[in-house]
Amino acid sequence: MAFNSVPCTSQSDAHLRLLGHDSTLMVGQSVSLTLGGDSLLIVDERSMRKSDRTCCGLVPKPTNKVTHSISLYNVLDTNVSPAGLTITYAEPAGKHDIAVTALQYPIAEEEKANVEIWSSKLLNLAYGDAQRYKRLKVLINPFGGKGTAAKLYRTYAEPVFAAAHCELDVQETTHGGHATELAEQIDISAYDAIVCCSGDGLPYEVFNGLAKKPNAREALAKLAVTMLPCGSGNAMAWNLCGTGSVSVAALAIVKGVRMPMDLMSVTQGQTRTLSFLSQSFGIIADSDLGTDNIRWMGAHRFTYGFLMRLMHRAIYPCDLAIKVVMDDKTSIKNHYNTYVNSTPPQRTEDAEQSGGLPKLEYGTVLDELPADWTVVRGDTIGNFFAGNMAIVSKDTNFFPASVPNDGLMDIVTVDGTTSRTRILKMMTEVPEGTFFDMPEVDIRKALAFRLTPREKEGYISVDGEKIPFEAFQVEIHKGLGTVLSKSGHLYEAPGPRP
């Protein structure tokens, strides 16, 4: 992506002065730049521009006042130099992307100090609580999705990061688990965030690499993890950035606010890994992991796999027990609304962030099942899905009541004997936002669960990654991880309907 041409004022507009209100900067007598609550308003009242003059340059053509605005969120940087005032920002480019462009105005030397004050105020408004000039460790998975992550990064993300003057350290991964190795060895004081150019597999590896550090809690609190959507599954980008566009996600990272986020420990025997997104067993896990041979279909492979399995009315018997906190949909909605209206969580530095991962409160599958857990009948389970984020893929707000930092996971179960017609309806109800209220859908807020498959072969998915098909237990850790998000408070997804 190349920088767009830079429009400049004529030399007659070189003199700038501040009006009485310090939010407005005047360019000569004809162009004003005004800082509003959420935008930079530009009013151009020049009656004669070079493009409007007659061939002899003597008779001006009358023009109307031109007014346009730039969202403060889109402002990337300002610079005051001998060349003048330059405002760099992102503007829409096509239907889904943004591109970097700039405005430039000459200034007189005596006005430089006032222009710098105004420029500083613009940047303060444009960034708000977001950190400027972030130091980013960029990891590119050249094998993920359709294998275009490196090209997508160079074309759409790098120009945005460069324009925002982020410090960049870019590295491609070379093999599965490479991101885990890099995160385990990373100097957490050298970067502000790790940017994963991939699907959801790379963030999964990064979180688990940070978890291997002796100071895991400090590393997970200090280093934010975020993602540019370059894979077939881009849930993290949809939840935190609200987009599947690489350029728009890059802007969201530049303007991203640090946010504590719950993480989950997944244990099988003595093995412990971290999950940031979801765990699935049943038709969804089968439809995802069982269609790896048709990955070329992209996101459509999941739909194809789902429909093929639905035709056989698949049932996945298991033993299931859950540490339930609430299982009434009205209570869950009230919980969500209370969280929405609460003060956004802040990452604090305290002694609890020292040392390795937090102790497991509920043990593992090797321990006796706690007496206060609810045993759920699993003879005819069709789908088990536990989530920590609202959106699991594009247009799939599967867990609308999920919030980033409440210390609870959302668990959805659907009986496998439900009619094909109703299950197909569920597929259409998810993007419509009415899936949550369907009577066949059981939803629980929980602290932990244990699931033991009764069959010998099948699929269990953790953050889209395959794990051994055997008993596993999961518990959640409030605010253990750190991410960059647009709001600093919520996922970019509508909550459950009233």
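As a basis for the values below, the full set of heavy atoms in this structure was taken, side chains included, without hydrogen atoms, waters or symmetry mates. Remember, predicted model here, so these are calculated numbers, not experimental data. Heads up: numbering here begins at 1 and tracks the sequence.
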Output, in order, the C-alpha distance, side-chain angles, deciding distance and verdict of ring pair (Phe, Tyr, Trp, His ring centres under 6.0 Å) for His175 and Phe143. CA-CA 9 Å; His175 55 274; Phe143 311 107; 9.3 Å; no
Run the side-chain contact (heavy atoms from CB on, under 4.5 Å) test on Leu103 and Ile70 for me, step by step, so that the C-alpha distance in whole Å, both residues' side-chain angles and the decisive distance to 0.1 Å come before the verdict. CA-CA 11 Å; Leu103 294 170; Ile70 300 170; 3.8 Å; yes
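Taking 4.5 Å as the limit, some side-chain heavy atom of Pro142 sits within range of a side-chain heavy atom of Thr173. Looking only at side-chain heavy atoms (C-beta outward), Leu484 and Ile253 come within less than 4.5 Å of each other. Contact annotation: the side chain of Phe276 approaches that of Met261 to within less than 4.5 Å [non-hydrogen atoms, C-beta and beyond].
A donor atom on one side chain and an acceptor atom on the other are found under 3.5 Å apart for Thr78 and Ser119. Residues Tyr191 and Asp169 have side chains that bring a donor and an acceptor to within less than 3.5 angstrom of each other. Ser280 and Ser278 form no side-chain donor-acceptor contact under 3.5 Å, judged by distance and modelled atom types alone. In this structure, a donor-acceptor pair under 3.5 Å is absent between the side chains of Thr86 and Asn79.
For the pair Lys445 and Tyr336, the cation does not sit on the ring face, since its NZ or CZ is not both under 6.0 Å from the ring centre and inside 45° of the axis.
Atom CG of Asn124 has more than 12 neighbouring heavy atoms from other residues, nucleotides or ligands inside a 6.0 Å radius.
Shortest non-hydrogen contact noted between Val225 and Leu240 is O-CD1, 4.4 Å.
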